[in-house]
2 protein chains.
Amino acid sequence: MKQKVTLKQIAKELDVSISTVSKALKDSVEISLDTRQKVKAFAKLYNYKPNNIALSLKNRKTKTIGVIIPEIVHHFFTTVIGGVEKVANEKGYNVIICSSNNSFDKEVINMEMLASGSADGFILSVAKETQLKKDYHHIEETMSQGMPVVLFDRIIDEVVCDKVIIDDAKGAQTATNHLLSLGCKKIAILTTVDYISVGKLRTNGYLRALRAYDIEENEELVLKIEDIDNCESEIHDFLENKEVDAVFAVNELFAVSAIKVLHAQGKNVPNDVAVIGFTDGILSKHFIPSLTTISQHGEDMGIRAAKLLIDKLEGDETMTEEYRTVIIDTSLVQRTSTKKSND
Amino acid sequence: MKQKVTLKQIAKELDVSISTVSKALKDSVEISLDTRQKVKAFAKLYNYKPNNIALSLKNRKTKTIGVIIPEIVHHFFTTVIGGVEKVANEKGYNVIICSSNNSFDKEVINMEMLASGSADGFILSVAKETQLKKDYHHIEETMSQGMPVVLFDRIIDEVVCDKVIIDDAKGAQTATNHLLSLGCKKIAILTTVDYISVGKLRTNGYLRALRAYDIEENEELVLKIEDIDNCESEIHDFLENKEVDAVFAVNELFAVSAIKVLHAQGKNVPNDVAVIGFTDGILSKHFIPSLTTISQHGEDMGIRAAKLLIDKLEGDETMTEEYRTVIIDTSLVQRTSTKKSND
DNA sequence: AAACCTTACGAAAACGTTTGCGTGTGGAAA
DNA sequence: TTTCCACACGCAAACGTTTTCGTAAGGTTT
């Protein structure tokens, strides 16, 4: 089995020094044209490719971005990754993706692993457990070692670094306003428990929209779902014998589950009850009825996050201490799960 | 800004040699207990972590698996990745994921990039373009440099290496048989163009099942869809004025699109027409009606692929020339888009 | 006191690169 | 003939490890 060819081997074959080979391949004027051509021909023949590891060691940078996300089997996160890859590849960076599986420990392990030589910087959305535990030492440690970190979506207010988020509250407000503008009065919200930052923010946006319409906040219309895998039965119990004319769900799954429950209860969506979701994924697009949602523009988030990180990576040391928070606009995608305004 | 601490720095601080520090951290008996403790305390204090890059260079292996898939925003592939990550992490391997975006060029670039030092081996599902082009030089080159490659799902018969696949034909046959056993006679198939290996295989399985039931093959019931983004209108035209009592779709999207078209044509699923899909994704589970499908067990595929690769990576050289093909069993997941047998 | 053995540590090579600087060779200028 | 300068190339250090081998100091045996 052929092994990878190195400078040393080429040098030996051609009976020159390693440095000569290296310089020849870089077209250095130090080396005669003749030798240069000979070396290059040989290198092509043997398919020489410089060893990235050796380069990383020498240059003290890997040209690699580490991305850590809570779940890999998740449409939103993969669209973000898509965006990251796009600009990373443009700029000659590699992308390593690890999932924390929403586990604090795995997040720490992955981060330490990548931090010890495999990546130059991080793009990170923190695990649920991390948000619950409020232990961010691994992030701060990484940053204190000079590696920039960009947080996205599930961010941490207490950590000072670059961030890319959507305005969750505003998005939720837009969603709720849309329902209100359709004439809905009794709007339920299906949200997550409070320690999930985005869930809480969306709940806030919902409440804010209601207040702006002078609608009294009604705790009976708020369902905070803990066990996502079992959401349908929770939603079922919640919606039973409850008079609502609209449902705002903070994610796709809650939205379609709600629709199923409503159907089972003999209600029509959107005619009897309007439903609006959050995150524009596969389900929203293809479900019947297709879902009106707030789109998070995941790819844009990835693009912006990668740009922020690479800026920091390649910027000079002076601007290193400046941190930015980019807010990606959400948009309302109107489909059929809410009535049209001009009906 | 603190920089990462190295053996050299610890050595200088403690006024011993680098080798002493290295040995002390490894609890070598060569070093006195006293020195060992001092060094370890210091290392902990400064949060010393060995530099992976240096280790990779020295050991000539990276403990990293490169995964290249055609699309990152794709439920099936992410489940496979989930499986790969599972066993990789167990065995102390890192996973780098790159998407080829179904582009041959990007597949080659990613592979060369990872091959030049970043990964010890590959798990790969080839891009559409690669299947069309039939150019596999990058894969063979990688293998000839001593890096093992495991192909999965979209494999290449011409390349000799480890492979993990499902029996697509058999799965399709199972699906078709299920429809036949429900009494369906006029079964349409929505498939891909032939150069997509899995599409072709599934079509073959469908035909085989029909023949076993002595049903004549009818070309009018076969739709080969080229433009996936526009499949719904293609399906619409195809199904118009066609008397069918069942549809077998080779993926989720075709299946739900078919159901939509059928609904629009006033047909009920499953009562008028039964529909069965392939790949058990989000849509299949949550769509109404929920889809009967053939599950590919993506996570299992990832697990098996990773095991094969790591075996090769850690096996001795003697068994290197043995290649295995693992066939993952598919299973029929019965939901509501097909009538129950005992109705 | 000579010969030997432990103990505890350091030197150096190796992994594959890049690059600043030193140097031998040849020809041209003086 | 001597001096000088390009030219073309090699040496060696550096990146951070691990590991083999060498060795100084000190103690133990004869």
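Note that the structure is predicted; figures quoted are calculated from it, not measured. In the text below, chain A, chain B and the rest are named by the order of the sequence lines, each starting its count at 1. Below, each value reflects all heavy atoms present in this structure, side chains not excepted, and no hydrogens, waters or symmetry copies.
With rounding to whole Å, Leu57(B) atom CG is found 9 Å from dT17(D) atom C1'. In this structure, CD of Gln37(A) is placed 13 Å from P of dA8(D), rounded to the nearest angstrom. Rounded to a whole Å, the NZ atom of Lys63(A) is 17 Å from the C1' atom of dT17(C). The CD atom of Glu30(B) sits 10 Å away from the C1' atom of dG10(C) (whole-angstrom rounding). Residue Lys38(A) contributes atom NZ, which lies 13 Å from atom P of dA8(D) at whole-angstrom precision. Per the geometry, CZ belonging to Arg60(B) stands 17 Å off P belonging to dT18(D), to the nearest Å. Taking atom NZ on Lys61(A) and atom P on dC15(D), their separation rounds to 16 Å, with Å as the unit. When rounded to the nearest whole Å, the span between CG of Leu7(A) and P of dC11(D) equals 15 Å.
Below 30°, between 30° and 60°, or above 60°: for Tyr46(B) and Phe42(B) the angle between ring planes is below 30°, a parallel geometry.
If Leu55(A) and Ile18(B) are placed on DNA chain C by their nearest nucleotide, the residue sitting closer to the 5' end is Ile18(B).
You won't find any donor-acceptor pair under 3.5 Å spanning the side chain of Lys4(A) and the base of dG16(C), going by distance alone. Not a single donor-acceptor pair, N or O on each side, falls under 3.5 Å between the base of dA8(C) and the side chain of Thr20(B). For dG20(C), the base has a donor-acceptor partner in the side chain of Lys23(A) [N/O atoms by modelled type, under 3.5 angstrom]. Applying the 3.5 Å distance criterion, the base of dT17(D) shares no donor-acceptor pair with the side chain of Lys26(B). One cannot find a donor-acceptor pair under 3.5 Å joining the base of dC9(D) and the side-chain atoms of Ser17(A).
Closest approach to the Ser22(B) side chain among dG16(D), dT19(D), dT17(C) is made by dT19(D) (side chain taken as heavy atoms from C-beta onward). The side chain of Ser32(B) approaches dA8(C) more closely than any other nucleotide in the set dA8(C), dT19(D), dC21(D). Closest approach to the Ile31(B) side chain among dG10(C), dC9(C), dC15(D) is made by dC9(C) (side chain taken as heavy atoms from C-beta onward). Here the side chain of Ser19(A) is nearest to one of dA12(D), dT17(C), dG16(D), namely dA12(D).
Of the candidates Lys91(A), Lys63(A), Lys61(A), Lys63(A) is the only one forming a salt bridge (charged side-chain N to carboxylate O under 4.0 Å, His left out) with Glu314(A).
Once rounded to the nearest 0.5 Å, the distance linking CE of Met111(A) with CE of Met147(A) reads 8.0 Å. With values rounded to the nearest 0.5 angstrom, Ser99(A) atom OG is found 10.5 Å from Glu107(A) atom CD.
Distances shorter than 4.0 Å separate some side-chain N or O of Thr35(B) from OP1 or OP2 on dC9(C).
Checking side-chain atoms of Lys312(B) against main-chain N and O of Glu322(B) turns up a donor-acceptor pair under 3.5 Å.
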